[in-house]
2 protein chains.
Amino acid sequence: MAAGRPRNFDMDQALDQALRVFWEKGYEGASLPDLTEAMGINRPSLYAAFGNKEELFRKALDRYETGPTAFVARALEEPTARQVADRLLKEGINMVTHPDHPGGCLAVQGALVCGDDAQPIREELERRRKAGEVVIRKRFQRAKAEGDLPADVEPNDLARYVTTVMRGLAVQAAGGATRKELLRVAELAMQAWPSK
Amino acid sequence: MAAGRPRNFDMDQALDQALRVFWEKGYEGASLPDLTEAMGINRPSLYAAFGNKEELFRKALDRYETGPTAFVARALEEPTARQVADRLLKEGINMVTHPDHPGGCLAVQGALVCGDDAQPIREELERRRKAGEVVIRKRFQRAKAEGDLPADVEPNDLARYVTTVMRGLAVQAAGGATRKELLRVAELAMQAWPSK
DNA sequence: GGCATATTGTATCAGTAGGTACAAAATTAA
DNA sequence: TTAATTTTGTACCTACTGATACAATATGCC
């Protein structure tokens, strides 16, 4: 089979740059010139390689989930529910305030609300946020089955609590809060943990 | 003084509609046609009465703060810090899930991140969020001076904690969480309150 | 009524949004 | 070397963005 002219950019590197732009400006706020400049490619190359803006965002989002947010899966492996929650908060803070990439969380600030055109993206992000909540809930359900949580505690509520705090932390980080400030918040948030 | 042709719309009513659109779609996501249609006026009337899109947003934001978010000032009047926090969370939830207006919080979803043009708005919202945090902090500082909080507790941290949870609740509400779900979260969040 | 003033509606502006046509360039297969 | 294939770069498209010029209209004051 024939080969054709080779592309002179790395797809993953370009995607990382697109991710950075979407993260920093949101889906709507990221313009095609913003993206092509950061990715170091021109418009037709972007469309040939990634489809369109919406598909590019989805691919950047996939990369976001296998990269920066991989800490969630790791945190779930902690032995107790309490340790899971503690690590989710701490590593979450580490992520949303990490100096190597934009502050905050793409799943929150990518398109929390938006115009009509971007609604599919808003819904996609909402779906993924929901999915993140579900894996945490399942982990806490398991914890309860293992006797690791009091009988009168709803894993559902606990998962929603941790998730809600994490999203609040993400908003704070997007606004410039420091890691140190947010770690104090996490410490307080963990005071709510049942049966200390 | 002469009068000229009277405007045939109510400024406050129009502003309320603009507020609704910005709340629902964010600053960038709200287009001029979105705004004029909701406000029931045409473009030149909008510009004559409110300046431009940015000024309109600022005026809608002022109205937001004297209307939907007025619960904050009321909550601060509660006798104890604990009651203040509890009421902030509960009334905050009531607000961000109220059926009479869009879900979530304008100060969070109006422009958490955005493109270059909207940066002034993003910064304005960040300023106002910060100001909201400050009034809560001051209330907790007073509480501490009054012996209403343990000596080893930082009012600063407590204010940031409450604020962070409220913002998390706002994100959840923007994503469609119900009032009932969020009240369970608030209940858990209050478990963290010092010296029960 | 006539004048000054202010708002309305239409029609339009320049700039930018996302997206693409098309030819030149760079590769592999034959 | 030639043919087939794929990417690149330029130039461009349509639609929509926020914003206005201007004439028509509606008021209060004299």
Side-chain angles (χ1 to χ4, degrees), chain A residues 1-15 17-18 21-22 24-61 110-111 113-122 124, chain B residues 1-15 17-18 21-22 24-61 110-111 113-122 124:
Chain A
M1 92 183 173
R5 178 172 176 169
R7 62 163 56 97
N8 63 4
F9 65 93
D10 181 82
M11 295 260 303
D12 286 339
Q13 259 178 270
L15 207 46
Q17 292 310 308
V21 173
F22 283 128
E24 197 170 303
K25 304 189 169 183
Y27 177 72
E28 284 179 330
S31 72
L32 264 295
D34 287 337
L35 292 164
T36 54
E37 192 190 354
M39 297 166 84
I41 65 180
N42 54 30
R43 225 175 281 217
S45 294
L46 187 156
Y47 279 84
F50 301 104
N52 59 18
K53 189 185 177 183
E54 196 170 318
E55 284 186 50
L56 174 62
F57 182 86
R58 289 190 149 89
K59 280 162 184 156
L61 188 54
V113 294
C114 57
D116 301 335
D117 295 351
Q119 289 297 332
I121 293 296
R122 208 208 90 242
E124 173 74 25
Chain B
M1 90 182 177
R5 177 172 178 172
R7 61 164 56 95
N8 64 3
F9 65 93
D10 181 81
M11 295 260 302
D12 285 339
Q13 259 178 269
L15 208 46
Q17 292 310 308
V21 173
F22 283 129
E24 197 171 303
K25 302 189 170 183
Y27 178 73
E28 285 179 330
S31 72
L32 264 294
D34 287 337
L35 291 164
T36 54
E37 191 190 354
M39 298 165 84
I41 65 181
N42 54 29
R43 227 172 283 216
S45 295
L46 187 156
Y47 279 84
F50 302 103
N52 57 21
K53 189 185 177 183
E54 196 171 318
E55 284 185 51
L56 174 63
F57 182 85
R58 289 191 149 90
K59 280 161 184 155
L61 188 54
V113 295
C114 58
D116 301 336
D117 295 352
Q119 288 298 330
I121 294 297
R122 207 207 90 242
E124 173 74 24

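Just so we're on the same page: letters track the sequence lines, and every chain starts at 1. Not measured: the values here are computed from a predicted model.
Between A/S45 and B/N52, it is A/S45 whose nearest contact on DNA chain D lies nearer the 5' terminus.
Judged purely by atom type and a 3.5 angstrom limit, A/E28 uses its side chain to pair as donor or acceptor with the backbone of A/G115. Side chain of B/E124 to backbone of B/R58: no donor-acceptor contact under 3.5 angstrom is found. Of the possible donor and acceptor atoms, none in the side chain of B/K25 sits under 3.5 Å from a partner among the backbone N and O of B/S31. Between the side chain of B/Q119 and the backbone N or O of B/C114, at least one donor-acceptor pair lies under 3.5 Å.
Put simply, CG on A/D34 is 12 Å from C1' on C/dA17, counting in whole angstrom units. If you take CD of A/E28 and P of C/dG18, they are 10 Å apart, rounded to a whole angstrom. At whole-Å resolution of the value, CG in B/N8 and C1' in D/dT25 are 11 Å apart. Spacing between atom CG of A/D10 and atom P of D/dT7 amounts to 14 Å, rounded to whole angstrom units. If you measure from atom CG of A/D117 to atom C1' of D/dA15, you get 11 Å, rounded to the nearest angstrom. What separates CG of A/L46 from P of D/dT7 is a distance of 13 Å, to the nearest Å. Regarding A/L32, its CG atom lies at a distance of 11 Å from the P atom of C/dT20, rounded to whole Å. Here C/dT16 presents its P atom at 16 Å from NZ of A/K53, a figure rounded to the nearest Å.
Taking the side chain of A/R7 as heavy atoms from C-beta on, and the options D/dT8, D/dA19, C/dT8, the nearest nucleotide is D/dT8. Closest to the side chain of B/P33, from the set D/dG18, C/dA17, D/dA26, is D/dG18. The nucleotide whose nearest atom lies closest to any side-chain atom of B/A3 is, among C/dG18, D/dG28, C/dG9, D/dG28.
A donor-acceptor contact under 3.5 Å links the side chain of B/R5 to the base of D/dT25. Looking at A/R43, its side chain has no donor and acceptor atom pair within 3.5 Å of the base of D/dG9.
Using a 4.0 Å heavy-atom cutoff across all strands shown, B/A30 reaches sugar-phosphate atoms only and no base atom. Residue contacts shown for B/P44 include a base, since a base heavy atom lies under 4.0 Å away.
For the OP1/OP2 pair of D/dG9 and a distance below 4.0 Å, the side-chain nitrogens and oxygens of A/N42 include at least one atom meeting the criterion. Put simply, A/Y47 has no side-chain N or O that comes within less than 4.0 Å of OP1 or OP2 on C/dT20.
Classified by interplanar angle (parallel below 30°, tilted 30° to 60°, perpendicular above 60°), the ring pair A/F22/A/Y27 is parallel.
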